[in-house]
**Q** 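Starting off with a structure, shown below.
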2 protein chains.
Amino acid sequence: MGTVSLNNKYAVQFIEQNEVAAVQDFIAATHRKIHEKTGAGAEYLGWLEWASNFDQNELARIEETAQKLRAKSDVLIVIGIGGSYLGAKAVQDLLQPSFGLNEMDVIYAGQNLSGRYLEELLAYIEGKEVTLNVISKSGTTTEPAIAFRVLRAWMQEKYGEQAADRIIATTDKTAGALRKSVEKSGYTSFEIPSDIGGRYSVLTAVGLLPLAVAGVDIRKLVEGAAQAEKELASPNVFENDAYLYAAYRQILNARGHSIEVMASFEPAMAGLNEWWKQLFGESEGKQGKGIFPASVIYSTDLHSLGQYLQNGRRTLFETMISFTADEHESKIPYDEEDGDGLNYLADKTMHEVNQQAMNATALAHVEGGVPVLTLEVERMDAFHTGYLLYFFMKACAMSAYLSGVNPFDQPGVELYKQNMFELLGKPGYEKKNN
Amino acid sequence: MGTVSLNNKYAVQFIEQNEVAAVQDFIAATHRKIHEKTGAGAEYLGWLEWASNFDQNELARIEETAQKLRAKSDVLIVIGIGGSYLGAKAVQDLLQPSFGLNEMDVIYAGQNLSGRYLEELLAYIEGKEVTLNVISKSGTTTEPAIAFRVLRAWMQEKYGEQAADRIIATTDKTAGALRKSVEKSGYTSFEIPSDIGGRYSVLTAVGLLPLAVAGVDIRKLVEGAAQAEKELASPNVFENDAYLYAAYRQILNARGHSIEVMASFEPAMAGLNEWWKQLFGESEGKQGKGIFPASVIYSTDLHSLGQYLQNGRRTLFETMISFTADEHESKIPYDEEDGDGLNYLADKTMHEVNQQAMNATALAHVEGGVPVLTLEVERMDAFHTGYLLYFFMKACAMSAYLSGVNPFDQPGVELYKQNMFELLGKPGYEKKNN
């Protein structure tokens, strides 16, 4: 059993016993395709052994830079969109306290085009000491480029020539507008490896620098991913839970369970849900195929989407993340009067109640015709999070290949951008839509 | 054209011209069923003319109570789950500034079973002046009841006998454990009307009290809903955009577009997306039917789910909310060097760019086979929000009836609770699952 393990007890009744074994040959062949880098998109497999080969100088430089930023910032603003921020935000949400209790304030910009958002952000940083980490391979992606223009101007106004010391760029090694800015303005910079796509980049400087500033133990994060590399190296679906997860997904999809609901019982998982949706949605949603990725936080959403999940259209399956260790000792207090009738819980921790809510939900959903997979993770800590990130990346590559698509491209994301450039009158884009 | 209007220009090519006209008889009959209160669940139609008949004494009492709470709180904690908090959170997110800039701090508890969440919340309120609004029809729903136990004990520790002056209960008029607490402890209380279900309750004291504390103009909110009542009273689908929206949804669903993606280009809409998912998911997801409700914030999620939406499984349709007024004047700054190539935007406001991103996305998705409905709303203000809430409630009732289900029940939400009570050993629940 691995550090993260797939429990299929709530799914086995939805598939025949031989169905997983039947895909083993396909799994083994795809495993070779991944590890020998012979499949479609193989030039983007840099993440596969990234953690175990991590450049120790780079890691040290990230930590040193983070230390310097922490020392002079009230707020770090991370400018990025899609894969350039979702990984950092996911891990930050999961590992740092909420309610603004974290010692370091890390916020995100350039991930939307809302004037209101940017105005509120500017009001918020008024009077605060600010540093920027701008993350963009090209430096010309519209959303982060606009935010960087606005925030760089704000920094220059406030800090004058010292502004450049407060701007860190994470970008392509040699090419692009942001790399040019680095050369011209002397920003400290980090590289986005050319063989790792945005949605697989969380364990590079893209994710690690903001996380180190936030106070996350990035060495443990990388260590967890390296452990996953080791544990998830078997070509045998019955010895590799990432592949087992991929196999179940595609078998369930073929049986009409074409929506996957990623469910967790911890609100802190909300960011990871979003990262997971990008990873699987963007890797698999092409050529008219793909499992639609949705997510919920329970028990919250049992009181909103619970009815649908129990009795709605039967095209769903569910994957639950279970954190098994009881890390928070809050117990339900005893109450003399027991007006609410909760005294039967009075000796229990919140964790016990939450775990039973999970079991109860899985049992109910199975009865309602929803297969439920459970991923068991011991703790919400950096090591286990790093493991989980790698688990999903490897499972995603396998799952996308099993469905016959390239896990690493995203041909469909250009059309709206071209339309937008046309509508906004960008030079070089002729009008086809007006 | 109504205060909120449905623009179908990006959807007409996906349906035949006569399809909407063909359901007019069914719409008219259902309209009568709604207004004459003769359909399934008609005992829960209290929301239908609630806004125009709003009890003015009640409204004044909500405002007065809110004033008192504001004067003595740093933080209002709203304890509730599902319909007891999603409406207030939705409107608060949409109308109040983010980044903690709001003058009054309103936070939510009792909407999950996470020990970590509750511990962090307790750490956050340390040293702050706190008031509670506990919202529960019964007072025995597990999640809010646990949170109330814990927070009430905290309040009693801090304020002693004065704690009761800082607790407001919103609950059933006569029955239930929370009503009994009110009678015993002398809490100020408000009523949850017996003819309005949780997901339709945002314009009652359930939503209005926390919103008034947060600083929302609740009179304008109610006024907007009353305006919607008036404008959306026609039985003719071509004169009633709420019904037109309902008709399109069911026509598209019948054609295999069984996932609806609610999309907005403002991050502040995230809470309203969640409220909308409960409203439609819980009203329609039953008897093996229902459009699966999903949501996105653009352009953020174009960089995560955009690929899927453009090229994935073609079982989607999209509803975009467009805020048409340019309320935020931020312009893209001009930059001498133009390294990022954005100077072609330098005379434009963020709003113009964001609106063109929306048009560009709609054009791209239509080309990719996704019908797009657009709901045009002038402003993100209390009046238009009140209108929009009513628009969705009325559209939902119509849509659910059109699909042959009761819009007002939720028979599927009990099973996991029974399982949970059994697993937790609640007296009176025999073991069937162990």
Side-chain angles (χ1 to χ4, degrees), chain A residues 81-82 97-99 111-117 119-120 124 140 145 149 153 177 266-267 278 281-282 285-286 290 294 299-300 303-308 310-313 328 330 333 339-342 344 350-351 353-354 356-357 360-361 363-364 410 412-413 415-416 419-420 423-424 426 433, chain B residues 81-82 97-99 111-117 119-120 124 140 145 149 153 177 266-267 278 281-282 285-286 290 294 299-300 303-308 310-313 328 330 333 339-342 344 350-351 353-354 356-357 360-361 363-364 410 412-413 415-416 419-420 423-424 426 433:
Chain A
I81 195 164
S98 48
F99 298 106
Q111 84 284 35
N112 60 60
L113 290 165
S114 167
R116 171 176 161 182
Y117 184 90
E119 280 178 23
E120 289 176 1
Y124 174 71
T140 53
R149 261 199 187 200
E266 288 293 339
Q278 180 193 23
E282 208 163 54
K286 48 196 72 157
S299 61
T300 307
H303 294 253
S304 60
L305 287 169
Q307 169 63 37
Y308 192 102
Q310 191 67 46
N311 292 153
R313 242 172 100 87
H328 297 270
S330 322
D340 52 19
L342 288 183
Y344 77 102
M350 293 285 285
H351 181 263
V353 178
N354 210 6
Q356 295 296 29
T361 305
L363 286 165
Q410 50 282 331
V413 303
L415 186 56
Y416 96 89
N419 289 341
M420 183 170 72
L423 293 173
L424 288 168
K426 183 169 182 172
N433 290 310
Chain B
I81 195 164
S98 47
F99 298 106
Q111 84 285 34
N112 60 59
L113 290 165
S114 167
R116 171 176 161 182
Y117 184 90
E119 279 177 24
E120 289 176 0
Y124 174 70
T140 54
R149 260 199 189 201
E266 288 293 338
Q278 180 192 25
E282 208 164 52
K286 48 196 71 155
S299 60
T300 307
H303 294 252
S304 60
L305 288 169
Q307 169 63 37
Y308 192 102
Q310 191 66 46
N311 293 153
R313 242 173 101 86
H328 297 272
S330 322
D340 52 17
L342 287 184
Y344 78 101
M350 294 284 285
H351 181 263
V353 179
N354 211 5
Q356 294 296 30
T361 305
L363 286 165
Q410 51 282 331
V413 303
L415 186 56
Y416 95 90
N419 289 342
M420 182 170 72
L423 293 173
L424 288 168
K426 183 169 181 172
N433 290 312

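Convention: sequence-line order gives letters A, B, ...; per-chain numbering from 1. Excluded from the calculations below are hydrogen atoms, water molecules and symmetry mates; all remaining heavy atoms, backbone and side chain alike, are included.
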**Q** Checking L305(B) against chain A: side chain, backbone, both or neither under 4.5 Å from a heavy atom?
**A** side chain
**Q** Let's test your reading of the structure: which of A357(A), P97(A), A177(A) forms the most heavy-atom pairs below 4.5 Å with chain B?
**A**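 The option with the most such pairs is P97(A).
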**Q** For the candidates R313(A), M420(A), Q310(A), which exhibits the highest count of non-hydrogen atom pairs separated by less than 4.5 Å from chain B?
**A** R313(A)
**Q** Looking at every non-hydrogen atom in both residues, tell me the closest pair between I81(A) and H303(B) and how far apart they are.
**A**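 What the structure gives for the nearest pair is CD1-CD2, 3.3 Å.
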**Q** Output, in order, the C-alpha distance, side-chain angles, deciding distance and verdict of side-chain hydrogen bond (donor to acceptor under 3.5 Å, both in side chains) for S114(A) and E266(B).
**A** CA-CA 6 Å; S114(A) 167; E266(B) 288 293 338; 2.6 Å; yes
**Q** At a heavy-atom distance under 4.5 Å, which candidate from P267(B), G306(B), G339(B), A294(B) has the highest pair count against chain A?
**A**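 Between P267(B), G306(B), G339(B), A294(B), the count favours P267(B).
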**Q** I need the N354(B) CG to Y117(A) OH distance, nearest 0.5 Å.
**A**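 So the gap between those two atoms works out to 13.5 Å.
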**Q** Please list, chain by chain and in numerical order, all residues satisfying salt bridge (Lys or Arg N to Asp or Glu O under 4.0 Å) with E120(B), sequence neighbours excluded.
**A** R116(B)
**Q** How long is the gap from CG on N311(A) to CD on E282(B), to the nearest 0.5 Å?
**A**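 It comes to 11.0 Å.
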**Q** Could you list the residues that satisfy side-chain hydrogen bond (donor to acceptor under 3.5 Å, both in side chains) with D340(A), not counting sequence neighbours?
**A**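 With neighbours one apart ignored, the set is R149(B).
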**Q** Name the option with the most non-hydrogen atom pairs under 4.5 Å to chain B; the candidates are A145(A), P333(A), S304(A), G341(A).
**A** S304(A)
**Q** If you take all heavy atoms of N112(A) and S299(B), which pair is closest and at what distance?
**A** CA-OG, 4.0 Å
**Q** Spell out, as yes or no, whether a donor-acceptor pair under 3.5 Å connects the side chain of T361(B) to the backbone of Y416(A).
**A** no
**Q** Testing the basics here: between K286(A) and Q307(B), what is the closest heavy-atom pair and its distance to 0.1 Å?
**A**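 Looking at all heavy atoms of both residues, the closest pair is CB-NE2, 3.4 Å.
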**Q** Would you say N419(A)'s side chain and A360(B)'s backbone share a donor-acceptor pair under 3.5 angstrom?
**A** yes
**Q** Which answer fits A153(A), side chain, backbone, both or neither, if we ask what part of it has an atom under 4.5 Å from a heavy atom of chain B?
**A** neither
**Q** Counting only N and O atoms by type, is there a donor-acceptor contact under 3.5 Å from the side chain of Y308(A) to the main-chain atoms of G290(B)?
**A** yes
**Q** Determine the minimum heavy-atom distance between F99(B) and Y124(A), stating which atoms define it.
**A**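 Where F99(B) meets Y124(A) most closely, the heavy atoms are O-CD1, 3.2 Å.
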